[in-house]
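Read the structure below first, then the notes.
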Amino acid sequence: MAPLYATQGMIDPGSALALEVAAIEKASNTPLGRAQLALELVQDKIRYLAVGMDGGNYLPQKPAKTWEVRYGDCKAKSLLLLALLHAMKIDAEPVLANVGMGDFVVDRLPSAAAFNHILVRTTIDGETFWMDGTGSGSRMADIRDTPPFYHVLPVRADGAALVRIETHANARPMLDLSVDADESTSVDLPSPFQATAILHGPAAAQIILAKNQLGEKEQREAVQSLFQTWLGQGQYADAAIIPDSKTGDVTIRVRGVTTTPWVTEDRRRKRFVTRAVNAVSFAPDRSKPNWSAIPVAVRPPSGMRDRLRLKLPVNGQGFSIDGTPDMKERIAGFDIARTTKLEGGIVTLDERIDSLGGEVPAARIPAERDAVATAQARAPRLVAPADTRRRWDIAVADMRSSSQIGAIRAIFDKVITDDPDEVSGYVSRAAFLEGVGDRRAAFADRTRAVEIAPSVETYMARSNAAYQLGDIKAALADGESARALDPSSAWATGRVAFMKAEQGNLAEGVSLLDERIALGGEMRPAYLNSKAELLAEYGKVEDALAIFDELIIQKPGSPSLMNQRCWAKGTRSVMLDSAVKDCTTAIELSNDTSAALDSRAMVWYRLERYDQALADLDAVLAANPGQSDSRFLRAVVLKALHRDADAAVDSAIARRLDPSVDRRYARFGIKLL
């Protein structure tokens with residue numbers, strides 16, 4: 001193959017390529033600078049196109065032809081790059097490689113078929129540089145990056161041995177992501193942010209191509225898709241794509257809002273701030289003896305930098321960082337460096353992760369597996385104080401002045417303005433508005449969602465919104481519309497049955513469920529369960545208990561059924577001794593005990609054992625403080641204990657969380673004035 005890549009006479013004096021050589025030599029006076037400019041020219045001004053016909057599998061296109069047509073494959077690009085470098089007296093040679101199986105080449109018999117790629121090896125001042133004309137966006141900062149080809153074969157007239165490429169981390173990350181988030185009002189609210197991503201290399205080339213070929217809406221959707229991959233599902237607005245020809249990178253910017261990243265764990269609100277270490281997956285299967293000596297291939301060199309600036313509530317008072325804030329380690333073929341700080345109510349994270357290529361030896365697998373697990377367990381998390389402000393604690397005045405709420409509203413509004421016929425913006429904004437108590441505005445968004453995309457989901461969501469506003473007729477109508485779209489929907493059927501009962505037509509609701517029960521099949525137990533719940537809720541407790549007894553016989557030891565039977569007895573104040581036993585059994589069998597504890601608290605209340613009821617409700621609300629039913633029942637219990645001020649606090653929160661809560665407990669004869 002060596003004669004095919006001889007460059008003597010390839011660039012004629014005075015030709016277009018000769019002018020390019022002269023321009024490069026004028027632009028830089030160092031061999032390394034000139035080599036880099038030559039690589040940029042080949043990457044940026046020659047499109048890649050595979051040529052496999054008429055000898056194209058092996059015969060490279062001549063440089064003059066490549067420059068004329070402005071396209072070529074790896075052979076054409078490499079020959080052009082060689083011609084440019086040799087014209088500038090820079091030592092360079094072609095090398096054959098195998099993309100995807102470079103680690104296997106060393107074990108194969110010598111054959112042209114062992115290779116499927118060619119690139120250029122350049123030597124300057126005794127240092128080796130690997131230059132691939134089929135790459136994209138390479139600049140001086142990347143000149144020492146290593147390709148993931150393991151072994152390459154220099155193409156020389158007198159032959160050569162395989163050369164191993166020792167890979168290392170790239171100079172620049174493929175993705176440099178910066179996020180500025182505002183969570184300063186509450187750890188329950190969605191997280192609004194501004195994000196900037198700088199993409200380098202092939203990813204940048206793809207985004208630039210998208211910008212050049214897609215319309216405005218499609219560009220916006222492409223940017224949203226990328227940020228959803230990095231930051232999760234959410235709503236995104238003001239997407240911008242900004243290429244930079246000097247760096248070869250592309251910057252994309254967006255404003256967005258995602259569901260709150262805070263979760264409840266051990267009765268405290270906690271939030272991860274790092275993503276990199278959790279993205280490392282290292283679980284090689286070496287369970288069979290003949291696999292035990294197989295090493296683990298590491299991802300080709302590629303890096304990501306992640307920077308976060310997060311504004312916390314109350315200037316960060318009482319917040320802490322759990323885990324290891326800073327680290328600098330090499331684990332499972334990755335270099336990870338991180339710093340995390342909490343100062344002045346602002347959390348700042350700067351983290352970079354780089355895959356190194358190569359392999360993890362088989363003997364290192366157990367140690368590396370342990371290192372990954374340890375690093376992930378020690379990943380830093382924010383811990384909110386026990387009394388951190390929740391969304392139901394936010395005063396109306398605070399909502400008006402909240403930068404977090406203002407940003408959330410602005411982003412949702414912009415998303416809807418940009419695409420008023422897309423349903424997801426209305427659905428997301430409605431959920432947020434319901435969360436902060438603006439239910440009439442939420443109902444308007446639910447209505448628009450139904451108009452755009454009438455479905456079981458949108459009708460059922462509006463039905464629930466109508467119910468919360470006390471409009472039972474509208475709630476029933478939407479349930480019936482949902483059922484008309486899908487008569488087999490147990491969700492919609494149950495909603496219609498309950499709304500009919502709410503209007504005083506319990507028999508019609510029961511009849512509707514009986515129709516589905518009579519059909520039999522795998523859904524029969526679910527419909528029986530709904531019927532029992534309906535009967536218990538609206539006063540036919542003896543009939544309900546008979547069904548629960550039947551279901552428990554069919555499925556003994558079911559904690560959910562035991563809890564439902566306990567709740568039915570407690571709400572209707574019947575068989576209270578056995579109700580305690582049902583609830584206690586459900587608690588003992590359940591992974592999540594909140595529902596059964598709440599039910600048992602109802603039974604204790606009926607038995608006038610208020611201290612025990614309060615203890616169970618305290619346990620529920622410590623783990624799930626947003627449970628409106630438990631809040632309301634605790635207010636009732638506190639009232640019975642003559643703790644009127646505490647009862648008023650809980651009742652106000654319960655009503656804010658669920659405006660229908662008084663109506664529901666009134667069915668059980670429980671009222672709170």
Side-chain angles (χ1 to χ4, degrees), residues 74 95-111 113-121 127-132 134-135 138 142-154 160-175 200-203 275-305 327-338 351-377 379:
C74 64
V95 294
L96 295 168
N98 189 301
V99 178
M101 296 185 68
D103 56 343
F104 181 49
V105 167
V106 69
D107 295 317
R108 294 189 60 168
L109 292 173
S111 167
F115 304 98
N116 58 15
H117 187 52
I118 191 165
L119 65 156
V120 173
R121 176 188 184 182
E127 186 176 0
T128 296
F129 302 91
W130 306 98
M131 298 188 172
D132 191 342
T134 65
S138 294
D142 316 302
I143 197 72
R144 291 176 173 81
D145 288 356
T146 49
F149 300 142
Y150 292 92
H151 298 90
V152 295
L153 180 65
L162 289 170
V163 174
R164 179 170 178 83
I165 298 177
E166 297 294 340
T167 58
H168 56 72
N170 288 342
R172 290 194 288 170
M174 193 71 69
L175 169 65
H200 166 63
R275 279 183 292 272
V277 71
N278 291 326
V280 176
S281 176
F282 191 78
D285 184 358
R286 297 296 183 266
S287 58
K288 295 184 179 180
N290 58 341
W291 295 353
S292 61
I294 300 175
V296 178
V298 178
R299 288 187 216 164
S302 180
M304 174 182 174
R305 187 179 183 187
M327 74 174 293
K328 189 174 180 64
E329 294 184 31
R330 176 169 293 181
I331 55 174
F334 292 85
D335 276 347
I336 303 176
R338 176 180 67 235
E351 184 173 48
R352 176 158 174 177
I353 180 170
D354 284 279
S355 55
L356 305 176
E359 297 176 343
V360 174
R364 287 289 308 164
I365 291 175
E368 298 296 347
R369 192 194 298 266
D370 181 63
V372 170
T374 300
Q376 291 176 344

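Scope of the values below: all heavy atoms of this structure, side chains included, with no hydrogens, waters or symmetry mates.
- Residue Asn98 comes nearest to Ala114 through the heavy atom pair ND2-O, 2.8 Å, listed as atom of the first residue, atom of the second, then distance.
- Atom CZ of Arg121 is separated from atom CD1 of Ile165 by 9.0 Å, given to the nearest 0.5 angstrom.
- Taking both residues in full, the closest heavy atoms of Ala379 and Val277 are given as CB-CG1, 3.9 Å, listed atom of the first, atom of the second, then distance.
- Counting only N and O atoms by type, the side chains of His200 and Asp142 include a donor and acceptor under 3.5 Å apart.
- Remark: side-chain polar atoms of Arg299 are not paired, donor with acceptor, to backbone N or O of Phe334 under 3.5 angstrom.
- Going from atom CZ of Arg164 over to atom CG of Asp103 covers 8.5 Å, rounded to the nearest 0.5 Å.
- A donor-acceptor pair under 3.5 Å is absent between the side-chain atoms of Thr167 and the main chain of Pro148, judged by distance alone.
- Side-chain contact check for Asp285 versus Trp291: some heavy-atom pair is nearer than 4.5 Å.
- The shortest distance between side-chain heavy atoms of Val298 and Val360 falls below 4.5 Å.
- Considering CZ of Arg352 and CD1 of Ile336, their distance stands at 12.5 Å, rounded to 0.5 Å.
- Shortest non-hydrogen contact noted between Ala375 and Met327 is CB-CE, 4.4 Å.
- Salt bridge absent: Arg275 and Glu351 never bring a charged side-chain N and a carboxylate O closer than 4.0 Å.
- The shortest distance between side-chain heavy atoms of Lys328 and Asp335 does not fall below 4.5 Å.
- The shortest distance between side-chain heavy atoms of Val95 and Val163 does not fall below 4.5 Å.
- Closest heavy-atom contact between Ser355 and Pro300: OG-O, 2.6 Å.
- With hydrogens and angles disregarded, a donor-acceptor distance shorter than 3.5 Å links the side chain of Asn116 to the backbone of Val99.
- Judged by distance alone, the side chain of Asn170 and the main-chain N or O of Pro301 form a donor-acceptor pair under 3.5 Å.
- Using a 4.5 Å cut-off on side-chain heavy atoms (C-beta onward), Ile331 and Phe282 make no contact.
- The structure places OG1 of Thr134 at 11.0 Å from CD1 of Ile118, a figure rounded to the nearest 0.5 Å.
- Judged by distance alone, with hydrogens and angles left aside, the side-chain atoms of Arg286 form a donor-acceptor pair with the main-chain N or O of Pro295 at under 3.5 Å.
- Between Tyr150 and Ala297, the shortest heavy-atom contact is OH-CB, 4.4 Å.
- Summarising the geometry of Pro202 relative to Met174, their closest heavy-atom pair is CD-SD, 4.0 Å, with the distance given to 0.1 Å.
- A side-chain donor-acceptor contact under 3.5 Å links Asp145 to the backbone of Ala171.
- Side-chain atoms of Gln376 come within 3.5 Å of backbone N or O of Val280 as a donor-acceptor pair.
- With rounding to the nearest 0.5 angstrom, the CZ atom of Arg364 is 14.5 Å from the CD atom of Glu359.
- Listed for the Asp132 side chain is no donor-acceptor partner under 3.5 Å among the backbone atoms of Leu119.
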